[in-house]
Amino acid sequence: MRSPIALGLDFGTTNSALAIVDGDGAARVLPLPGKDGARASYWRTVLCFEPAADGEPLRISAGAPAIERYAGSEGVARLLQSIKSHLASSSFTDTTIFGKRFRLEELIATYLRALRAAAPIDLGRRVVCGRPVRYWGAETEADDARAITRMRAALALAGFDEVTFAPEPIAAAHAYAARLDRQERVVIADFGGGTSDFSVVEVGPAIGARVLATSGVALAGDAFDARMIDAVVAPALGKGSRYRVEFGGEAPVPAWIYNRLRRWHHLSMLKTTETLTLLERIADGALDRVGIDRLVRVVDEDLGLPLHGAVEAAKLALTAAPAATFDFGRPGIAIAAAITRAGFDGWIAPELEAIDAAIDQALAAAGVAATSIDRVFATGGSSLVPAVRGALAARFGAERLVGGEELTSVAAGLASMAART
């Protein structure tokens with residue numbers, strides 16, 4: 001028997017949201033428990049693991065409750081972020097947390113079960129789940145297929161056994177179509193945490209969304225964050241420095257450590273016995289002892305979440321002003337740096353070029369020119385970055401650029417698509 005509601009799930013790299021279409025025919029985002037008892041329209045896609053007493057199971061929390069539990073753990077808990085970004089990887093199958101091994105599908109299912117339990121209604125077993133045009137890290141069709149297979153398995157473990165996958169930019173198109181009283185030809189630009197997806201569609205109240213072409217590139221907000229990590233954080237943590245080794249020689253601090261810092265889903269995996277042992281050895285002979293001590297603290301105390309918060313705060317400040325201060329402070333760590341919007345735009349120039357090329361691809365595949373586009377609907381958190389909006393405005397005209405509900409429009413569109421099936 002089918003669920004009486006039409007459910008859409010936007011399981012995102014950074015944030016996740018649920019939406020339904022029920023008896024009134026309109027899509028609405030479901031409220032979730034937020035900070036200090038407030039209600040939120042989305043959850044951060046994070047898991048918090050707390051060690052248990054002998055014989056007790058691990059305590060695992062997700063979303064907003066996970067962030068509160070982690071903040072109160074005084075560095076004892078472990079936080080996983082951006083778990084969606086592992087889906088296409090053939091090299092990542094499982095990880096060990098406090099002595100317990102978890103498959104990737106189990107980690108995602110744990111998050112989804114918590115999301116289900118936090119919803120104010122029974123979600124049933126049927127769902128339309130969003131997917132990027134191209135999963136992060138997917139280099140072949142086999143990689144994308146692996147991601148879908150794993151995601152389907154995780155959904156089944158979480159109680160969803162009637163699953164349809166829909167491209168996230170198409171879902172955003174359905175959300176935009178619900179606003180219209182006329183037909184338009186639009187570009188849907190969905191900027192997520194791990195991927196940027198584009199669709200050329202004809203939308204309207206009578207036709208919903210008619211897809212002309214899609215394209216995608218496996219970079220977005222996390223890639224922007226990585227550039228700020230490279231430019232501001234990594235140098236303050238000893239990147240490029242050297243350390244003394246046996247017999248009086250010197251060696252560079254391994255670059256792979258800083259490459260892991262660039263990605264939130266890799267940073268959370270750095271805290272291993274092997275890595276900590278290596279860092280202790282580097283610290284003993286470090287020529288930049290202050291920077292390496294900071295690095296050790298970031299890894300040992302699993303400071304990915306507050307570091308992510310500092311990066312997010314700096315990006316947000318640059319949306320409103322041409323200059324800001326990057327500020328990350330914890331006991332034993334103080335990183336402060338003046339940053340400018342122009343500097344940030346320069347850091348992310350390669351990503352902006354790749355995004356521009358993906359838009360070119362979508363327009364070419366649809367056989368339309370930029371001048372024939374009526375509107376550009378930009379959604380997703382990274383659509384608020386001034387350089388991103390500026391690039392869209394330069395190509396299509398600022399007067400054609402629209403947005404709104406950047407973090408929940410995909411979920412609403414997925415629910416609308418569920419109502420049509």
Side-chain angles (χ1 to χ4, degrees), residues 5-10 12 17-30 41 126-133 164-192 195-216 355 358-380 383-384 388-389 391-421:
I5 61 170
L7 174 67
L9 165 63
D10 179 16
L18 294 164
I20 64 167
V21 173
D22 49 22
D24 62 3
R28 61 184 177 91
V29 175
L30 292 178
S41 57
R126 174 175 171 256
V127 66
V128 174
C129 180
R131 58 147 299 168
V133 172
T164 302
F165 289 97
E168 289 156 0
I170 304 306
H174 280 270
Y176 177 65
R179 304 179 179 188
L180 300 179
D181 58 5
R182 64 189 182 283
Q183 186 168 323
E184 291 183 349
R185 178 180 291 169
V186 304
V187 168
I188 304 296
D190 180 19
F191 300 95
T195 59
S196 296
D197 295 326
F198 308 96
S199 295
V200 182
V201 295
E202 292 178 345
V203 296
I207 64 172
R210 182 181 298 140
V211 182
L212 303 181
T214 63
S215 68
I355 286 169
I359 296 173
D360 280 340
Q361 182 181 355
L363 292 173
V368 301
T371 53
S372 72
I373 299 299
D374 298 310
R375 291 287 185 274
V376 178
F377 179 61
T379 189
S383 68
L384 301 174
V388 171
R389 299 190 77 82
L392 293 173
R395 177 188 284 260
F396 297 101
E399 73 283 357
R400 301 185 200 176
L401 185 59
V402 295
E405 299 177 348
E406 283 81 7
L407 299 179
T408 58
S409 62
V410 170
L414 291 166
S416 295
M417 294 177 77
R420 290 171 176 261
T421 60

Query raised in the report: Is there a donor-acceptor pair closer than 3.5 Å between any side-chain N or O of R389 and the backbone N or O of S383?
Result: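 Yes; at least one donor-acceptor contact below 3.5 Å.
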
*asked:* Using only atom types and a distance under 3.5 Å, with no angle test, would you say the side chain of D374 pairs donor to acceptor with the backbone of V186?
replied: no

- request: Evaluate side-chain contact (heavy atoms from CB on, under 4.5 Å) for E184 paired with F377, printing each intermediate quantity in order.
  value: CA-CA 11 Å; E184 291 183 349; F377 179 61; over 6 Å; no

Do you know which two heavy atoms are closest between [X] and [Y], and how far apart they sit?
| X | Y | result |
| --- | --- | --- |
| D190 | E168 | OD2-CB, 3.3 Å |
| A362 | A213 | O-CB, 3.4 Å |
| R400 | A370 | NH1-O, 2.9 Å |
| G130 | L414 | N-CD1, 3.4 Å |
| A175 | S409 | CB-O, 3.3 Å |
| R185 | S372 | NH1-OG, 3.4 Å |

Residue set satisfying side-chain contact (heavy atoms from CB on, under 4.5 Å) with V133, at least two apart, ordered chain then number -> P169, D197, T214

**Report entry** By salt bridge (Lys or Arg N to Asp or Glu O under 4.0 Å) - contacts of D360 (at least two apart)
**Finding:**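 D360 satisfies salt bridge (Lys or Arg N to Asp or Glu O under 4.0 Å) with R395 only.
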
Between Y176 and V402, is the side-chain contact (heavy atoms from CB on, under 4.5 Å) condition met? List the steps. CA-CA 10 Å; Y176 177 65; V402 295; 3.9 Å; yes

*asked:* Could you walk me through whether I355 and F191 satisfy the side-chain contact (heavy atoms from CB on, under 4.5 Å) test, starting with their C-alpha distance in whole Å, then the side-chain angles of each, then the deciding distance to 0.1 Å, before giving a yes or no?
replied: CA-CA 10 Å; I355 286 169; F191 300 95; 3.9 Å; yes

Requested in this report: Could you give me the CA-CA distance, side-chain angles and deciding distance for L18 and V127, then say whether side-chain contact (heavy atoms from CB on, under 4.5 Å) is met?
Outcome: CA-CA 10 Å; L18 294 164; V127 66; 6.0 Å; no

- Distance (rounded to the nearest 0.5 Å) between S199 OG and I170 CD1: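 It is 3.5 Å, given to the nearest 0.5 Å.
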
Output for pair (I373 CD1, L401 CG), nearest 0.5 Å, gives 13.0 Å

Worksheet entry | Non-hydrogen side-chain atoms of R126 and L7 separated by less than 4.5 Å | no

Checklist entry - Considering only heavy atoms from C-beta outward, does the side chain of T164 approach that of M417 to under 4.5 Å? => result no

